[in-house]
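Just passing along the structure, written as structure tokens.
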Protein chains: 2
Amino acid sequence: MHQHLIDNISHLIRMSEEEKEWISSKFIAKQFNKGDYFLREGQICREVGFIESGLVRYVITKENGEELTTSFNKELEYTCNYESFLDHSPTKASIQCIEPSVILTISYDDLQALYTHVKEGEKFGRLACEYQYVLAIRQLGSLYKQDPEQRYLQFLETYPDLVQRLPQYYISSFVGVKPPSLSRIRKRLAK
Amino acid sequence: MHQHLIDNISHLIRMSEEEKEWISSKFIAKQFNKGDYFLREGQICREVGFIESGLVRYVITKENGEELTTSFNKELEYTCNYESFLDHSPTKASIQCIEPSVILTISYDDLQALYTHVKEGEKFGRLACEYQYVLAIRQLGSLYKQDPEQRYLQFLETYPDLVQRLPQYYISSFVGVKPPSLSRIRKRLAK
DNA sequence: CCCGTTCGTTCACCCAGGTTAATAAATCAT
DNA sequence: ATGATTTATTAACCTGGGTGAACGAACGGG
């Protein structure tokens, strides 16, 4: 039984013991090394991952080949490219492990089965999605109304544990600037 | 019976005639003049709106009081501040009507009732949320990887009908620049 | 039809971040 | 440890958008 996963779902819905077993059986643990891809650009995202341990980044690539890191997911969070997962279109983003990670994965078909087979399955799907949606909206608001310095400060506040686990250039990308600029921001703040 | 609304929901789930009647009865039509607010910053968002006719903008305010328009919703689309709606926190955004609008509204409690009372209610909630989530992710990706000129071009492509219905300074805000800058972009593109 | 207001464009100047490249610091493997 | 590689900082120069203000065009109410 994937206890962390079941605990997580328990926060959203009630499940019988049988349902817990059933759900747990549909998730398969996969090991990833640092640098491995959970999902590669151009592939079709066919599974949702629950990160048992580790850390991943969400990567999009500009036409010039430059990679941008637009979000992070760590242990006890879900990771997926929903845009591709939902309509089976090729992803325009990759998901790469920044640390060795163990990710519990459930396939598209099994997740649909979960929605129907588990009594409150649909509700779980709705609540999980609502949560992801709110996170996306917050990030959007931040990009519109905060300047890079404010976003960097907020990053430090929101993800204090990630600062030590991430190279600076992933953070600068997330914040929306290039490494030299984040250096300048840090220098300004040092005073 | 709110036919446009029911048609819209029919694309997502199956409903009996009784369910259609029941759902329809929970939505109340409200009239708004141009400039009226569907939701004001600081209020708690207690309802989801389905825009029968009209056009609204989603507005966030910077500390200096400057208003930023970050998205639009038009007829046959939903509008809501989910961040506030879901946890009953005060909104950090407003929703303002740009045109005279008729918005069908359902209260938080009635929507929760819809989820349980209608057979595929939860599924409707999940699918509607998934759709909104994907839109938010796309906008995020656009902000990260496109420059203002590309975003403006994409706006023209994605919302050709809105160009005539919106003042330039809402578009410039959505694109992420100030009006003088959008003028420069338009001038560059004119060649 | 006219006047007042709002809206879009343009100009001049400024500045934060981009770019390129060099250097320094930290990390890693052997 | 030590040398190689990766990452972070710094410097000099460039550029596109911000700012404030002026002007002209479009719009709406009376």
Side-chain angles (χ1 to χ4, degrees), chain A residues 33-36 55 57 59-70 72 96-100 142-156 159 162-191, chain B residues 33-36 55 57 59-70 72 96-100 142-156 159 162-191:
Chain A
N33 293 317
K34 178 172 174 173
D36 285 355
L55 179 60
R57 70 185 183 117
V59 192
I60 60 181
T61 308
K62 304 219 298 190
E63 303 104 39
N64 62 18
E66 187 191 353
E67 284 191 346
L68 301 175
T69 300
T70 65
F72 306 102
Q96 184 185 30
C97 297
I98 299 175
E99 296 177 356
S142 163
L143 284 173
Y144 271 106
K145 86 158 131 186
Q146 297 186 299
D147 63 26
E149 180 170 321
Q150 292 174 309
R151 274 204 299 284
Y152 176 62
L153 286 170
Q154 189 184 294
F155 175 83
L156 296 181
Y159 308 101
L162 289 193
V163 181
Q164 292 84 274
R165 296 164 71 180
L166 292 173
Q168 207 91 302
Y169 56 90
Y170 288 164
I171 299 176
S172 77
S173 182
F174 176 81
V175 163
V177 297
K178 304 284 161 147
S181 187
L182 182 57
S183 270
R184 289 189 278 238
I185 289 170
R186 286 160 56 81
K187 193 173 187 178
R188 283 199 307 256
L189 293 172
K191 296 174 304 198
Chain B
N33 294 318
K34 178 173 175 172
D36 286 353
L55 179 60
R57 69 185 183 117
V59 193
I60 61 181
T61 308
K62 304 220 298 192
E63 303 104 37
N64 61 17
E66 187 191 351
E67 284 192 345
L68 300 175
T69 300
T70 66
F72 306 102
Q96 184 185 31
C97 296
I98 299 174
E99 295 176 357
S142 163
L143 284 173
Y144 270 106
K145 84 159 131 183
Q146 297 187 298
D147 62 26
E149 179 171 321
Q150 291 174 310
R151 273 204 299 284
Y152 176 62
L153 286 170
Q154 190 185 293
F155 175 83
L156 297 181
Y159 308 101
L162 289 193
V163 181
Q164 294 84 274
R165 296 164 69 180
L166 292 173
Q168 208 90 313
Y169 55 90
Y170 288 165
I171 299 176
S172 77
S173 183
F174 177 81
V175 164
V177 296
K178 304 285 162 144
S181 188
L182 182 57
S183 270
R184 290 190 278 240
I185 289 170
R186 286 160 55 81
K187 194 174 187 179
R188 283 198 307 257
L189 293 172
K191 294 176 307 197

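Lettering follows sequence order; numbering is per chain, from 1. None of these values were measured; they are calculated from a predicted model.
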### Message
Within the 4.0 Å heavy-atom criterion, would you say B:Ser183 contacts the bases, only the backbone, or no part of the nucleic acid?
### Response
base
#### Entry: A:Gln146 CD to C:dG17 P, straight-line distance once rounded to whole Å
13 Å
### Candidates D:dA12, D:dT10, D:dG17 - which lies nearest the side chain of A:Pro180
D:dT10
### Query
If you check the A:Lys187 side chain, which of D:dG17, D:dT10, C:dT10 turns out closest?
D:dT10
#### Entry: Closest listed nucleotide, where the reference is the side chain of B:Tyr169 and the choices are D:dA11, C:dG8, D:dG18
C:dG8
### Proximity to the side chain of B:Gln168 - top-ranked nucleotide from C:dG8, C:dT19, C:dA12
C:dG8
## Note on the structure
In whole angstroms, the gap separating P of D:dG17 from CD of B:Gln150 amounts to 11 Å
### Query
Counting N and O atoms only, with roles assigned by atom type, does the side chain of A:Gln96 sit under 3.5 Å from a partner on the main chain of A:Arg57, one being a donor and the other an acceptor?
no
### Task
Quickly work out the B:Leu182 CG to D:dG18 P distance and round it to whole Å.
10 Å
### Task
Using atom CZ of B:Arg151 as one end and atom C1' of D:dG17 as the other, report the distance to the nearest whole Å.
12 Å
### Query
Rounded to the nearest Å, what distance is computed from the CD atom of residue A:Gln164 to the C1' atom of nucleotide C:dA26?
16 Å
### Message
How many whole angstroms separate atom CZ of A:Arg165 from atom C1' of C:dA26?
### Response
20 Å
### Query
Can you find a pair of side-chain heavy atoms, one from A:Arg165 and one from A:Ile98, that are under 4.5 Å apart?
no
### Task
Give, for atom CD of B:Gln150 and atom CD of A:Glu63, the distance between the pair rounded to the nearest 0.5 Å.
5.0 Å
## Note on the structure
In whole angstroms, the gap separating P of D:dG16 from CD1 of B:Ile185 amounts to 11 Å
### Task
Could you check how far CG of A:Asp147 sits from P of D:dG17, rounded to whole Å?
17 Å
### Task
Check whether the ring centres of A:Phe155 and A:Phe174 lie less than 6.0 Å apart, and answer yes or no.
yes
### Message
Could you go through A:Leu166 and A:Leu55, starting from their C-alpha distance and side-chain angles, then the distance that decides it, and tell me whether this counts as side chain to side chain contact (heavy atoms under 4.5 Å, CB included)?
### Response
CA-CA 9 Å; A:Leu166 292 173; A:Leu55 179 60; 3.9 Å; yes
### Message
What's the closest nucleotide to the side chain of B:Pro179 if the choices are D:dT7, D:dA12, C:dT9?
### Response
C:dT9
### Task
Counting heavy atoms from C-beta on, name the nucleotide in D:dA12, D:dG17, D:dT9 closest to the side chain of A:Arg186.
D:dT9
### Closest nucleotide among C:dC11, C:dG8, D:dT10 to the B:Pro167 side chain
C:dG8
#### Entry: Donor-acceptor pair (no angle test) under 3.5 Å: B:Arg188 side chain, D:dG16 base
no
